[in-house]
Amino acid sequence: MTIKRLFEEAGRLLSGVGLEGVRIGPPRSPEFGEAFTPYPFEEARRSGGNPLELARDIASKLGRGELIERVEAAPPGYINFYADWRRFSEYTLSEVFRLGAKDYGGSRDGEGRVVLVEHTSVNPNKALHIGHARNVYLGDTVARVLAKAGYRVYVLNYVDDSGAQMASVLLGFLGLGMPMEPPQGIRFDEYCGDHVYVMVTRRLEQDRSLEERLKALAKRIEEKGSEEFKHARLIADRVLSDQLTTCWRLGARYDLLFRESDVVASGLWAKTFNLLLEKGIIYKAMEGENRGCWCVDLSSHPILSKEGDEILVKSDGSTTYVARDIAFALWKLGESDVKINGRQWGQNPDGTPITITEMDSGTPIVIPKPSLVVTVVGSEQKRPQEVVRYVLSRLGVDGERYIHYSYERVSLSPDSAKRLGVEVVEGRAVQMSGRRGIYFKVDEVLDELKKLAAEEVRKRHGDWPREKVEEVAEAIAQGALRYSILRSEAEKAVVFDLGEAMRLEGDTGPYIQYSVARSYRILEKARDKGIEANPTPYGELAREEKLLIRSISFLPLVIETSARTLRLRQLLTHSREMAVNFNEFYERCPVIEGGEAAPFRLALVQGYIIAQTSAMNLTGIPVLREM
RNA sequence: GGGCCCGUGGCCUAGCAUGGAUAGGGCGCCGGCCUCCGGAGCCGGAGGUCCUGGGUUCAAGUCCCAGCGGGCCCGCCA
């Protein structure tokens with residue numbers, strides 16, 4: 001596709017003079033052409049020759065190709081291939097038009113193989129805060145990219161409705177008499193997180209005796225059929241429903257909501273336990289600090305062995321998170337024959353159904369055995385994830401199929417922390433804490449952004465009705481937040497600053513959205529003037545036109561690399577690169593008043609819209625026709 | 001103490017996987033550009049020991065080693 005075809009052609013030219021399998025890559029700057037090879041350096045090392053002379057010698061033997069106009073040797077020893085812009089432009093644009101936004105940049109690399117992506121997985125006792133947004137954005141974007149690359153992607157959200165956090169809110173309702181209904185105007189998930197959870201934590205600090213009640217509750221939650229089990233489900237379902245409203249605002253979609261309580265309730269854990277016992281992977285500690293617990297023997301693990309064995313079943317008989325996660329991992333990988341039942345919970349904004357696990361009344365959930373399971377979890381959980389992977393390997397499951405997509409956490413800038421009334425140590429970022437109420441909720445940040453965007457929209461479109469302003473402002477807010485969070489690579493810690501996130505200019509989502517809105521305006525004007533698009537260049541192209549074609553043609557390559565490496569940053573960068581190239585083109589190359597250039601430029605604008613829409617559909621930044 | 005991650009102008013950030021040509025952007029600052037397809041834009045300027053020191057290499061921001069600084073993990077929490 002597009003630039004790859006030019007690479008292939010460069011390869012053919014080289015093999016024509018007897019050089020096979022030469023590495024060809026994208027040059028870092030347009031002045032070095034559209035493809036290059038450092039081959040002369042490699043050859044010079046082998047033969048002891050001079051790289052530049054070798055490059056000149058080879059380049060002089062290479063003729064032009066169909067899309068390649070000329071080949072040049074460049075000091076200190078590169079061979080650069082330059083596009084024949086007339087043909088390359090026409091070829092690129094016709095490919096873009098042929099494929100459309102849905103398929104441009106897509107591939108069949110995945111060959112229909114199944115991939116499971118688990119993300120979000122927020123405890124159902126609170127509203128999503130800005131740190132959770134990073135998980136959702138990363139997971140959702142990975143899912144989009146893999147789908148584009150031809151994989152069949154299933155998206156899972158693990159609903160952690162058992163365990164301590166759930167028990168905490170339950171204690172608030174059952175033990176401390178907090179009302180089940182939130183005050184007027186407050187969403188249930190916010191109520192649980194902002195009020196109940198924070199209150200329970202405070203009471204626990206004051207009254208140690210509550211600890212015992214909490215532990216008892218945590219255990220009772222695991223007992224299917226108990227009052228506590230049912231009550232926890234009720235709360236979890238209500239919170240989940242609110243959380244998903246937020247997730248949809250973030251652009252995510254799901255296929256399956258897997259309740260953690262069903263790992264135990266379905267017998268999946270029991271079966272996994274027996275398997276681990278049979279294989280001699282776990283043992284019951286009879287003495288020492290783990291007395292009475294079932295543990296994984298980690299003594300043969302090179303690193304984990306230094307930190308002692310991992311407890312799976314506590315001395316009171318309840319399971320730990322790692323235990324449930326091992327069982328769940330086996331199921332996700334298609335390595336367990338335990339049937340999990342489900343029923344339809346609702347549907348995504350795109351109309352696709354969402355299933356939720358439901359052991360009693362549901363029907364068996366069928367997911368083909370995946371070739372890959374990607375779990376998006378914070379880097380602080382690297383150790384437990386490594387334990388899971390280790391146990392899998394002991395069970396003979398290929399660990400390569402189980403990927404922990406790790407990301408560093410989001411903390412708050414000193415300025416933003418101060419807004420929450422938190423004491424700040426001189427210039428240090430502050431860790432968010434659900435328990436202590438130190439966080440920004442996703443919805444409050446989006447609402448602030450929306451307000452700001454709405455002001456800007458009104459400045460430009462005083463005549464728009466309120467609903468239209470709202471709709472557009474919402475899309476701008478979504479694009480701005482998504483871009484600002486996805487902007488940093490996953491392994492880089494992010495310091496969230498409200499002021500910084502509120503920017504709508506510069507290196508932001510709205511910058512990209514704006515370039516597309518401008519494009520649509522040109523299309524409208526061209527239609528009024530009766531200009532017909534034509535992908536055949538009118539003559540020698542302007543620099544800005546070449547650069548725009550160039551970045552459009554590179555998009556498929558970037559998407560392919562993203563799908564292979566699961567690094568998303570380069571996709572964002574390239575999407576922005578195309579927008580920059582478009583804005584420069586916009587400034588220098590008039591379309592409507594372009595005279596003989598008008599038909600070609602119009603085609604270029606159309607091509608830009610298609611390519612950029614394709615990119616934005618992957619990065620999840622909403623496309624706007626006007627803003 | 002052991003393990004993982006990060007360290008690029010005042011601030012934020014790309015490039016590191018696959019070493020390659022003058023280290024790209026953005027914010028902020030200074031100066032320009034709307035009778036001309038939307039100024040959420042464009043053009044120009046100032047600002048850099050790519051944390052430090054070694055090593056590998058024809059070539060290191062990129063790979064290796066050591067150190068320094070910051071974050072995270074090492075719980076019968078998740």
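Quick note on labels: first sequence line is chain A, next is B, and so on, each numbered from 1.
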Check: Below 4.0 angstrom, N of the basic side chain to O of the carboxylate: do A/Glu222 and A/Arg324 qualify?
Finding: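 Between A/Arg324 and A/Glu222 there is a salt bridge, with a charged N closer than 4.0 Å to a carboxylate O.
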If only side-chain N and O atoms of [X] are considered, is one of them under 4.0 Å from the OP1 or OP2 phosphate oxygen of [N]?
X	N	result
A/Lys459	B/A40	no
A/Arg28	B/A21	yes
A/Arg518	B/G39	yes
A/Tyr514	B/A40	yes
A/Arg576	B/U13	no
A/Arg460	B/A40	yes
A/Lys492	B/G71	no
A/Gln381	B/C72	no

Check every atom of [options] against the side chain of [X] and return the nucleotide holding the closest atom.
X	options	answer
A/Arg409	B/G25, B/A21, B/C72	B/C72
A/Ala164	B/A14, B/C72, B/C77	B/C77
A/Tyr586	B/A17, B/A14, B/C37	B/C37
A/Lys314	B/C76, B/U18, B/G71	B/C76

Item to complete: Taking syn as within 90° of 0 and anti otherwise, name the glycosidic form of B/C72.
Response: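 B/C72: anti.
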